[in-house]
Amino acid sequence: MSSKNSMNANKNFNKEASPQSKTKKLKKKLGPQWTKDELERFYEAYQKHGRDWKKVAASVENNRSVDMVEALFSMNQPYLSLPEASVDGLAAIMTAHYSLFEESESKGEGHDASGVTRGFPIKKLHDAEDLDKQCTLILTEGDSAKHLVMAGLSSLQRKTYGVYPLQGKLLNVRIASQKSIKKNRELQNIKTIIGLKDETSYTTTDSLRYKHVMVMTDQDEDGVHIKGLLINFFHHKWPQLLKLNPPFLSEFRTPIVKVKNRNGVEAKSFYSMAEYSEWKEQQEDNLSKWETTHYKGLGTHTSEEGCEYFKHIDNHKRVFVCDDDKDHGEAIDGAFNANSKYRKEMLENFDPNSHHHETEARQITFTDFIEKDLASFFMANMKRSVPSMLDGLKPGQRKILHCLLKRSSNEDIKVSQVSALVLTHCDYYHSEKALNNTIIKMAQQHVGSNNLPLLQSLGQFGTRIAGGQDAADPRYLRTKLSQETRILFPKEDDKYADAHTGSLNDEDRKNTEPTPYYPIVPMVLVNGCRGIASGWSTFIPNYKLKDVISNVERLLNDEKTEPMDPWYEGFEGTITKDGENRYKTFGRLEESSGNAETRLVTELPIEVWTNNYVSSLDKGKENRGKVSAFIENYLDRSNDTTVSIQIELKKTEKKMTPEEEKEILGLTTMLSTGNMYLFDENDMIKKYESPQEIIEDFYEARLKAYDKRKVAKFSYLS
DNA sequence: CTGAAGGCTAC
DNA sequence: TCTCGTAGCCTTCAG
């Protein structure tokens, strides 16, 4: 009971004598959500499970209450400290808690900023000591960056700087529902820390605990994205805030490259690769006199460097400003709204060379930030999410294949060790976890995943039961190249992929960024692909290897290619064309012998997983009107590879065709071929209208590669 | 018409 | 140690 609010509420609450009026008051405060009964159950559950709200909610066993439990727990947790007291005490806390919740939602009446005084317990917040002064809240990307700030701030600075670490990507409030904004703890905490209220127009920051916000992220594209999401949050909820002068928002930049003269006297810092490259070109022969250090994330900087940065904080600070001629709302909205049009246009006009972080610039307009800095994230997001037409691989996947192809033997290796290989030999600056996931996905072979996995799955790589999400931990999994991989990706072509690294001659970056491979057939059609980027997403279904080969052979024979339909290895249902760019997939439904109402499901449509399907048969509240409405009962006898679900249909007068039965039983899905985007031979994004078009494009490029190979092989003749 | 959910590489 | 949040696009489907 550390909170002032809770205590007040408790006092008020105790004034009410009878248990009935207590419940009444609660009902008034909490809306229709809670009965005394539910409170008691909640109290028990809370004692048992603590802050594990999912378990608590499950124990409460009431859908209305589940929402409330969730809402309560997503508030500032420290307020919810359970006293020794009983249900009544709990009720008091919840009352207080909920009123806080309500106030933050309502017009802000009755809730003065002093209700949130210094030292209030938000986990991981380091509050400024002297909030009466003009204080700045530093929002960092992750905990380790917070530690760098804490190490760097002088004792004087600690009076006026608060620090709060952000975890991962911030919610995009422009497209999020009210409900998800409310329950997003990160945003609610930021609001509480700064003292911002909804529906308030700020022409001054007088009422705020912090007068300025400074964001400090890694100096990479994802860091830029996080800055953008934060700008988006403030702009969407309090647009006036960003127009204030002096500016409300700023960023703290750290160098990504530092060079030190080997005689130890001179040193220089760079805030962008463009800037560094420019300097490097000017050095020519003098380059060897300099010692270079690259900084990958904020965690790479030492505490001493942290101190150095904050000693000269003004050199690192860049403020976000509006210039009055422009409507910056348009750019911010375009970057984060639900329509990808603006982002498409921005990427189509994107010129990587115009993207310069000028070290000396101490301010940047929001529009410049979006169109220059943020556009580089959109581009990076495209590059890592959309595969190449040539090898059908995204850069992460390609690096995995690259490392395995380069190994001297093809012995089993742990998935986690493959990741380690990639981190050692390639430029990969992202999380190992994502890499492990990618390896697992490349090796999966359940129906609906790869037709021809390039990697073998030695261990539990996931099954159709849970769509592959039931894979074991990477440290238990082993893999190696599949038998076919070397045939599809001939050794003779390797050097065309890894000769170009863009950095082999760069003494700072010795690792490789392999360019696309040239498999002998367009593998992107065999295993399909899907990716979600910025501006575009892509989806290509799986096709049959033999069909692909036949079409390649037709081209070799100067014949025309023939249309192809999607095909999935091991799939026992059917796939039929259902209009232009659409295919319909059907599971398999058999009539059990003897009983007119009994059916046996022996195959599910593509990308429907056994677990999901079976739970759709349950008669829960959330399934009303769905499949479960048509069935009496079911029995699931499926295993990890086969589907066998016995269904007892409800008796109806109407006789249904097998197709109609599949329809109402949820045994169909759609595959679209209308969103097939790939990077083409020239590394340009291209929309493909048909699999044939992909094969034809591939064919041209592949022929050129054969030519290159021939020239290289016989070069000694000339 | 709106909202939610699934898929996937990233923080 | 493990589970869980967030982005981004497009499609489908329920309400």
**Q** How is L170(A) classified with respect to the nucleic acid when contacts are heavy atoms under 4.0 Å: base, sugar-phosphate, or nothing?
**A** sugar-phosphate

**Q** So, does K344(A) get its side chain near the phosphate of dC10(C), meaning an N or O under 4.0 Å from OP1 or OP2?
**A** yes

**Q** To the nearest Å, give me how far apart CD1 (I181(A)) and C1' (dG3(B)) are.
**A** 14 Å

**Q** Mind checking E186(A) for me? I need base, sugar-phosphate or nothing, with any heavy atom below 4.0 Å counting as a touch.
**A** nothing

**Q** Side chain of T438(A) only, please: which of dT3(C), dC8(B), dA10(B) is the nearest?
**A** dA10(B)

**Q** Just call it for L166(A): base, sugar-phosphate, or nothing, with non-hydrogen atoms closer than 4.0 Å on any strand.
**A** nothing

**Q** Side-chain N or O of N172(A) less than 4.0 angstrom from OP1 or OP2 on dG8(C)?
**A** yes

**Q** Atom CG of N184(A) to atom C1' of dC4(C): distance rounded to whole Å?
**A** 13 Å

**Q** Rounded to the Å, how far apart are K183(A) NZ and dT6(C) C1'?
**A** 12 Å

**Q** Can you find a side-chain donor-acceptor pair between S537(A) and N675(A) that sits under 3.5 Å?
**A** yes

**Q** Look at E603(A) together with K662(A) and state whether they make a salt bridge at an N to O cut-off of under 4.0 Å.
**A** no

**Q** Which whole-number value in Å describes the distance from E141(A) CD to dA7(C) P?
**A** 15 Å

**Q** Under 4.0 Å between any heavy atoms, over every strand shown, what does F336(A) touch: base, sugar-phosphate, or nothing? Just pick one.
**A** sugar-phosphate

**Q** Determine: side-chain N/O of K169(A) to OP1/OP2 of dG5(C), distance under 4.0 Å, yes or no.
**A** no

**Q** On DNA chain B, check which nucleotide each of R530(A) and D222(A) is closest to and give me the residue with the more 5' one.
**A** R530(A)

**Q** Nearest heavy atom decides the nucleotide; on that basis, is F378(A) or D473(A) closer to the 5' end of DNA chain C?
**A** D473(A)

**Q** Among dT6(C), dC2(C), dA10(B), which is the nearest nucleotide to the side chain of A434(A)?
**A** dA10(B)

**Q** Please state whether the phosphate of dT12(C), meaning OP1 or OP2, lies under 4.0 angstrom from any side-chain nitrogen or oxygen of R582(A).
**A** yes

**Q** Look at the side-chain N and O atoms of W609(A) and state whether any lies under 4.0 Å from the OP1 or OP2 oxygen of dG7(B).
**A** yes

**Q** Would you verify whether the NZ or CZ of R174(A) falls within 45 degrees of the ring axis of F336(A) while also being under 6.0 Å from that six-membered ring's centre?
**A** no

**Q** Which nucleotide in the list dG8(C), dT9(B), dG7(B) gets nearest to the side chain of Q397(A)?
**A** dT9(B)

**Q** What's the CG-C1' distance between L171(A) and dC4(C), to the nearest Å?
**A** 15 Å

**Q** Can you find a side chain N or O atom of Y429(A) that sits less than 4.0 Å from OP1 or OP2 on dA10(B)?
**A** no

**Q** Which of parallel (below 30°), tilted (30 to 60°) and perpendicular (above 60°) describes F320(A) and F366(A)?
**A** parallel

**Q** Could you give the CE-to-P distance, from M379(A) to dT9(B), as a whole number of Å?
**A** 20 Å

**Q** Would you kindly give the CZ-to-C1' distance between R174(A) and dT6(C), to the nearest whole Å?
**A** 17 Å

**Q** Considering just the side-chain nitrogens and oxygens of H225(A), establish if one lies under 4.0 Å of OP1 or OP2 belonging to dC11(B).
**A** no

**Q** For K227(A), is there an ion pair with D222(A) - N to carboxylate O distance below 4.0 angstrom?
**A** no

**Q** Counting the atoms with a prime plus P, OP1 and OP2 as sugar-phosphate, which does K584(A) contact under 4.0 Å by heavy atoms, base, sugar-phosphate, or nothing?
**A** nothing

**Q** Taking atom P in both dA5(B) and dC4(C), compute the distance separating them and give it to the nearest angstrom.
**A** 15 Å

**Q** Reckon K441(A) touches a base, only the sugar-phosphate, or nothing at all at heavy-atom distances under 4.0 Å?
**A** sugar-phosphate

**Q** Under 4.0 Å between a side-chain N/O of R475(A) and OP1 or OP2 of dC2(C), yes or no?
**A** yes

**Q** Could you tell me whether Q469(A) atom CD has more than 12 heavy atoms of other residues or ligands within 6.0 Å of it?
**A** no

**Q** With a cut-off of less than 4.0 Å, is there a side-chain N or O of S340(A) near OP1 or OP2 of dC10(C)?
**A** yes

**Q** Using a strict threshold of under 4.0 Å (side-chain N to carboxylate O), is an ion pair present between K296(A) and D218(A)?
**A** no

**Q** Reckon G535(A) touches a base, only the sugar-phosphate, or nothing at all at heavy-atom distances under 4.0 Å?
**A** sugar-phosphate

**Q** Would you indicate what Y428(A) reaches in the nucleic acid, counting non-hydrogen atoms under 4.0 angstrom: base, sugar-phosphate, or nothing?
**A** sugar-phosphate

**Q** Please report the distance, rounded to the nearest Å, between OH in Y583(A) and P in dT12(C).
**A** 14 Å

**Q** Report the residue (S177(A) or G223(A)) whose heavy-atom-nearest nucleotide on DNA chain B is the more 5′ of the two.
**A** S177(A)

